[in-house]
Colleague: 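Can you read through this structure? Questions will come right after.
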Amino acid sequence: MKIAFFGLGHMGGPMAANLLKAGHELSVFDLQPALVDALAAQGAMAVQSPVDAVADADVVISMLPSGKAVASLYLGDKGVLAHIPQGALIIDCSTIDAATAKQVAQAAEASGRRMIDAPVSGGVAGAAAGTLTFICGGSAEDVQRAEPVLLQMGKKVFRAGDHGAGQTAKLCNNMLLAIHMIGTCEALQLGADHGLDPKVLSDIMLASSGRNWSLELYNPWPGVMENVPASRDYAGGFAVNLMNKDLGLALEAALSSGSSTPMGSLAKSLYAVHGSQGHGQLDFSSIQQFFAKRS
Ligand code: NAD
């Protein structure tokens, strides 16, 4: 298939690389030329403009940082929507607000094109390994049509409901992720402050009722696990700024439905302080440093 891929960052880069490995023809575009060059070196076609990328595309995929970026890529005078071939399927994998996801999908469908939101879970390691979970919103038919391509970048595809529902489900997940990451950090710090070895404490909690994804697969204490951001000075991974964005979206969603999310609100405040202290580009597990004792 001919696939146009927009956004080649921490997630989009390895996702696009997996589609190349699966034998697809890829046209790639990112605002950062170095990221385009890296994919071109793996066999993708580098294009001069977003419009060039979508010519003849069967599938268009975007993996962008915000709803604003998604709306500006597809909509308006300079948007690519009008240039996407009729019959192509558009898959937005970015994590954005459900309202923008619905707005762009409705514009796509009004112009005779099909679109789904398909935000992902699984992180940078999952993107590289091709083990992501896709959480889709859109018609059952379109999600079914997207599935073969999505399964070349991931292992599971869920349909949460209609347009925007994938985003809502993703925000619920990320709010919970922020909460258990912070809880994991404070428990490890408390143990360490009382002389426990964080690795031993992690093993104990993993075999006990405190077990959770952050502890098991993404341990935030440096050196406890190999190949996680904590063991490389919190570089790479899922940035504090992006977690902050997702928590903001979750709180906006809670406001619109009158839902009570006290733990999510506290997590948002803690991530906002952590980001404002100059840690915005670090991985979100760096919130461990927020609890660290400084002499
Ligand atoms: P990133 O900042 O590394 O990558 C985003 C890329 O989009 C950048 O390279 C940027 O230059 C590019 N970009 C921005 N506007 C563009 C445009 N108009 N056209 C083309 N390219 C454009 O971010 P990331 O970590 O790859 O995250 C991407 C999305 O995936 C976000 O919505 C994030 O919330 C979500 N996500 C990230 C993770 C993670 O672990 N990093 C996990 C799940 C979901």
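Just follow the structure's listing: the first ligand is 1, and inside any ligand the first atom is 1. As a basis for the values below, the full set of heavy atoms in this structure was taken, side chains included, without hydrogen atoms, waters or symmetry mates. Along the sequence shown, the residues carry numbers beginning at 1.
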Colleague: So that I can tick it off, tell me whether Arg114 and Asp142 are bridged by a salt bridge, with the cut-off set at under 4.0 angstrom between side-chain N and carboxylate O.
Modeller: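 Salt bridge present between Asp142 and Arg114.
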Colleague: What do you reckon, does Asp30 have a nitrogen or oxygen under 3.5 Å from a nitrogen or oxygen of ligand 1?
Modeller: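 Looking only at distances, the answer is yes, because the N/O contact criterion of under 3.5 Å is met.
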Colleague: Just jot down the ligand 1 atoms closer than 4.0 angstrom to any heavy atom of Thr95, in number order.
Modeller: 32 (O), 34 (O), 35 (C), 44 (C)
Colleague: Ligand 1 and Met11, any nitrogen or oxygen pair closer than 3.5 angstrom?
Modeller: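 Looking only at distances, the answer is yes, because the N/O contact criterion of under 3.5 Å is met.
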Colleague: Among protein heavy atoms, which sits nearest to atom 30 (O) of ligand 1, and what does the distance come to when rounded to 0.1 Å?
Modeller: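 Result for atom 30 (O) of ligand 1: Met63 CE, 3.1 Å.
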Colleague: Does Asp117 reach the main-chain N or O of Gly166 with its side chain, forming a donor-acceptor pair under 3.5 Å?
Modeller: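 Here the side-chain-to-backbone pair exists.
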Colleague: List the steps and the verdict of side chain to side chain donor-acceptor pair (under 3.5 Å) for Thr184 and Tyr218.
Modeller: CA-CA 10 Å; Thr184 299; Tyr218 215 87; over 6 Å; no
Colleague: In the protein, which heavy atom is nearest to atom 14 (C) of ligand 1, and how far is it?
Modeller: Pro65 CD, 3.5 Å
Colleague: Of the protein's non-hydrogen atoms, which lies at the shortest distance from atom 4 (O) of ligand 1, and what is that distance?
Modeller: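 Of every protein heavy atom, Gly9 CA, 3.3 Å lies nearest to atom 4 (O) of ligand 1.
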Colleague: Please report whether atom 2 (O) of ligand 1 has a protein non-hydrogen atom at a separation of less than 4.0 Å.
Modeller: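 Given the 4.0 Å limit, the answer for atom 2 (O) of ligand 1 is no, no protein heavy atom qualifies.
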Colleague: In this structure, are over 12 heavy atoms from other groups packed under 6.0 Å from Met205 atom CE?
Modeller: yes
Colleague: Does Asp97 offer a backbone N or O that forms a donor-acceptor pair with the side chain of Gln167 under 3.5 Å?
Modeller: no
Colleague: What protein heavy atom sits nearest atom 27 (O) of ligand 1, and how far off is it?
Modeller: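 Here the nearest protein heavy atom works out to Leu242 CD1, 3.7 Å.
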Colleague: Are the side chain of Asn174 and the backbone N or O of Leu177 linked by a donor-acceptor pair below 3.5 Å?
Modeller: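 Side chain of Asn174 to backbone of Leu177, a donor-acceptor pair under 3.5 Å: no, none is there.
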Colleague: Would you mind listing which atoms of ligand 1 come within a distance below 4.0 Å of any non-hydrogen atom of Val124?
Modeller: 40 (O), 41 (N)
Colleague: Quick one: nearest non-hydrogen protein atom to atom 15 (N) of ligand 1, plus distance?
Modeller: Leu31 CD1, 3.5 Å
Colleague: Measure across Val60 and Phe6 and return the closest heavy-atom pair with its distance rounded to 0.1 Å.
Modeller: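 Minimum heavy-atom separation between Val60 and Phe6: CG1-CE1, 3.8 Å.
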Colleague: I'd like to check whether Lys245 has a polar contact with ligand 1, where a contact means an N/O of the residue lying under 3.5 Å from an N/O of the ligand.
Modeller: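 Yes; the residue has a nitrogen or oxygen that sits under 3.5 Å from a nitrogen or oxygen of the ligand.
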Colleague: Can you tell me which residue and heavy atom of the protein come closest to atom 40 (O) of ligand 1, and the distance to 0.1 Å?
Modeller: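 The protein heavy atom lying closest is Phe238 CB, 3.1 Å.
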Colleague: Return yes or no for this condition: an N or O of Lys170 is under 3.5 Å from an N or O of ligand 1.
Modeller: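 No, there is no polar N/O contact under 3.5 Å.
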Colleague: Given the rule in the ring-ring contact (aromatic ring centres under 6.0 Å, His included) test, do Phe284 and Tyr234 qualify, once you have shown the distances and angles that lead to the verdict?
Modeller: CA-CA 8 Å; Phe284 81 112; Tyr234 300 106; 10.0 Å; no
Colleague: Is a donor on one side and an acceptor on the other found under 3.5 Å between the side chain of Asn244 and the backbone of Tyr271?
Modeller: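 Between the backbone of Tyr271 and the side chain of Asn244 there is a qualifying donor-acceptor contact (under 3.5 Å).
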Colleague: Taking non-hydrogen atoms only, is Leu35 closer than 4.0 angstrom to ligand 1 via side chain, backbone, both or neither?
Modeller: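 The part of Leu35 near ligand 1 is the side chain, not the backbone.
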Colleague: Could you identify the single nearest non-hydrogen protein atom to atom 43 (C) of ligand 1 and state the distance to 0.1 Å?
Modeller: Val120 O, 3.5 Å
Colleague: Between Asn219 and Trp221 (side chain of the first, backbone of the second, donor and acceptor by atom type, cut-off under 3.5 Å), is there such a pair?
Modeller: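 Yes: the side chain of Asn219 pairs with the backbone of Trp221.
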Colleague: For ligand 1, is there an atom lying under 4.0 Å from some heavy atom of Gly237?
Modeller: yes
Colleague: If you count the atoms of ligand 1 from 1 in the order shown, which ones are under 4.0 Å from a heavy atom of His10?
Modeller: 3 (O), 25 (O), 26 (O)
Colleague: Taking the side chain from Thr168 and the backbone from Gly164, do they hold a donor-acceptor pair closer than 3.5 Å?
Modeller: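 Yes, because the side chain of Thr168 sits within donor-acceptor range (under 3.5 Å) of the backbone of Gly164.
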Colleague: When the ring centroid of Phe5 is compared with that of Phe29, is the distance short of 6.0 Å?
Modeller: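 No: the rings miss the under 6.0 Å criterion.
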Colleague: If you measure every N or O of Ser121 against every N or O of ligand 1, does any of those distances drop under 3.5 Å?
Modeller: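 The answer is no, given that Ser121 and ligand 1 share no N or O pair closer than 3.5 Å.
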Colleague: For atom 31 (C) of ligand 1, what's the nearest protein heavy atom and its distance?
Modeller: Leu64 O, 3.3 Å
